[in-house]
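Have a look at the structure below before the remarks.
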Amino acid sequence: MNKDRKKIKFDAFVIIFLVIVFCYFLTLVVPSGEFQREEVNGVTTVIANSFHATEKTYLGPQAIFQAVPEGLTSSASMMFVVMMVAGCIEIYKRSDAINKLVSALLSKADRFGSEKILSLIMVMFGCLGGFLGWNEQIVPFIPIIISLCLAMGYDVMTGIACSAMVDMISFSVSPSSVYTVGISHEVAQLPMFSGFAFRFILLVIFNIIMQIYVLRYARSVKRDPNNSYMKGIDDSSFRINFSDELSAKMNGRQKLSLLVFLGTFIASIVGVSSKGWSMNDLGAAFFFAGVMGGIINGMNINEVISGFIAGAKDGLGPALVIGLARGIQWMLNSGGVIDPIINALSKPLSKMGAVSTPIAVMFIISLFNGLITSGSAKATALMPILIPLADLIGMTRQTMILAFQFGDGLTNSLWFTSGTLLMFLTIAKIPLNRWYKFVWKLLAILFVVAIISLIIAVKINYGPF
């Protein structure tokens, strides 16, 4: 045996394509069937006990390759937002506004302590994931956070943990995410974002646990770099020499451009949370911020265009991961196996009691999340089944939605089929096995907290109903 043979590196694109192939073979062996659906007040719902067998339609092997462009097409708006924001960030980098902002934070590290800066970063990303349900939208900020963490003496894992990980896990207990809570409340006919206080308490508890976990690891790495899970992996592309920026102050143009960027960021939060902004609206907002940032900093039109193209090029890889992952959902839908899988999952749940059912739902949704990672897609498909089930066993609908949230959100940081997770790991150049080594203990702790939370929710009749 040749010991010098190079190991094949299975990056995000290879992993997702292999899952698409697996799902294709799944469509060949799972019997076809479907639920009847009806539209009530503009919301498509599944009619309870309406599942029936249908004639099997076999996809040809060309569907494996067709899934790729289909996934890219269906997720085009999200992909373009990622690329637009990346282009916008590149213009601010070229103006030195971003570097000087990071250097300003570094200059405060000695006075306030680097751990306080890490905590502040985690609070910010916890709010983005917890209140807005943002995931892919934070992509362009990840390299900046990683560079800042490296400059403060931490490692790449710390950077991705205090930003992307906190964002994704906060999503699992979001009090006001339109993608899961909003859709689920519509189907369940609950007051929109009702039960806010209980989920907000859980959001705070989850974030405190993550703060302790990440800071403990970060402290260990700073004390001894050999404790880093990223030991031996090149991080030079994220290392920036801020010595020149530390001695130079921001000029007026850079300050004004950063105010424009901050204003755009706030407008995006308000737009998504209360004005019904679409992905295209977000893309337009950051395109505007990029153009204005370039103009304010004295860049000519060619420099602005060049900056956008360079930034969008950097964002293309992560954007393609999102689109490719959507091909998994296309394959399952086209093969007619989504409804049979849902029907198979719902049968054992109907035989459980009020306390054990939400816990079982959480774990089953966690498994199902490996096939369909889109929270909104799962909510649309599963809530019409889970809500009547909650009514039948005497459990509140709000508790069932909370169980769904836990199952949908916690494993976003675990499933290798998650385009969002793979996108973040691709950006940070973190191998999947090293990520698992870092995150598994935290997820185990959070699942225990989730189980306790569901038991409390059942006992207090978490509602209003």
Side-chain angles (χ1 to χ4, degrees), residues 77-78 80-105 108 116-145 148 162-164 166-168 170-171 173-182 192-193 196 199-200 203-204 207 250-297 304 307-308 311-312 315:
S77 59
M78 179 63 74
F80 285 132
V81 167
V82 170
M83 294 170 68
M84 282 288 186
V85 180
C88 172
I89 293 293
E90 180 63 24
I91 289 175
Y92 281 82
K93 281 183 180 179
R94 294 190 177 194
S95 71
D96 277 340
I98 292 291
N99 283 359
K100 287 185 178 176
L101 177 63
V102 173
S103 67
L105 288 174
K108 306 293 183 185
K116 289 184 180 178
I117 293 177
L118 283 185
S119 293
L120 185 62
I121 292 171
M122 285 188 273
V123 169
M124 181 181 74
F125 282 96
C127 290
L128 290 176
F131 294 109
L132 299 181
W134 279 23
N135 282 310
E136 293 86 353
Q137 295 92 333
I138 70 169
V139 164
F141 303 102
I142 301 302
I144 300 170
I145 299 300
L148 175 61
C162 71
S163 55
V166 169
D167 177 271
M168 286 190 291
S170 295
F171 176 81
V173 284
S174 171
S176 56
S177 168
V178 295
Y179 305 106
T180 51
V181 180
M192 188 59 62
F193 303 135
F196 184 98
R199 289 194 302 275
F200 176 75
L203 178 63
V204 172
N207 273 271
M250 245 185 260
N251 61 41
R253 288 188 171 194
Q254 290 165 337
K255 290 179 180 178
L256 179 58
S257 65
L258 287 173
L259 284 175
V260 170
F261 184 85
L262 178 62
T264 303
F265 196 72
I266 294 172
S268 298
I269 292 174
V270 174
V272 170
S273 60
S274 61
K275 303 296 182 183
W277 277 21
S278 66
M279 289 296 110
N280 288 341
D281 293 322
L282 280 177
F286 283 99
F287 179 62
F288 164 80
V291 171
M292 290 303 298
I295 292 173
I296 292 170
N297 283 289
V304 172
F308 255 112

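Residue numbers run from 1 in the order of the sequence given.
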Query - Shortest non-hydrogen contact between Pro175 and Leu203, atoms and distance - result: CD-CD2, 4.0 Å
**Report entry** Spatial distance of atom OG (Ser95) from atom CG (Asn297) [nearest 0.5 Å]
**Finding:** 4.0 Å
Report summary line: Which of Val166, Val123, Asp167 passes side chain to side chain contact (heavy atoms under 4.5 Å, CB included) with Leu128? Answer is Asp167
Query - For the student: nearest non-hydrogen atoms of Leu258 and Ala97, plus distance - result: CD1-O, 3.8 Å
Query raised in the report: Taking the six-membered ring for Trp, are Phe131 and Phe196 parallel (under 30°), tilted (30 to 60°) or perpendicular (over 60°)?
Result: parallel
Query raised in the report: Which value, rounded to the nearest 0.5 Å, describes the distance between Ile142 atom CD1 and Ser163 atom OG?
Result: 3.5 Å
**Report entry** Sequence-distant partners of Met124, side chain to side chain contact (heavy atoms under 4.5 Å, CB included), two or more places apart
**Finding:** none
Query raised in the report: Can you tell if the side chain of Val291 reaches within under 4.5 Å of the side chain of Phe308, non-hydrogen atoms only?
Result: yes
Query raised in the report: Does the Tyr92 side chain pair with the main chain of Gly294, one donor and one acceptor, at a distance under 3.5 Å?
Result: no
Requested in this report: Locate the shortest heavy-atom distance separating Cys162 from Ile145; write the atom from each residue and the value.
Outcome: SG-CG2, 3.8 Å
Query - Separation between CE of Met292 and CZ of Phe286, rounded to the nearest 0.5 Å - result: 15.0 Å
Query raised in the report: Looking at CD1 of Ile91 and CD1 of Ile295, how far apart are the two atoms once the value is rounded to the nearest 0.5 Å?
Result: 9.5 Å
Report summary line: Rounding to 0.5 Å, atoms SG (Cys88) and CZ (Phe261) come to a distance of 5.0 Å
Query raised in the report: Got a donor-acceptor contact below 3.5 angstrom from the Arg199 side chain to the Ser174 backbone?
Result: yes
Query - Closest approach of Gly307 to Glu90 (non-hydrogen atoms, all atoms of both residues) - result: O-CG, 3.3 Å
Query raised in the report: Do you know the tightest heavy-atom contact between Lys255 and Met250?
Result: CE-O, 3.7 Å
Query raised in the report: Can you check whether Ile144 reaches Leu148 side chain to side chain, under 4.5 Å on heavy atoms?
Result: no
Requested in this report: Considering non-hydrogen atoms only, spot the tightest contact between Ala289 and Thr264 and give its length.
Outcome: CB-OG1, 3.5 Å
Query raised in the report: Once you round to the nearest 0.5 Å, how far does CZ of Phe125 lie from OG of Ser170?
Result: 11.0 Å
Query raised in the report: For Ala312, what residues pass the side chain to side chain contact (heavy atoms under 4.5 Å, CB included) criterion, not counting sequence neighbours?
Result: Met83
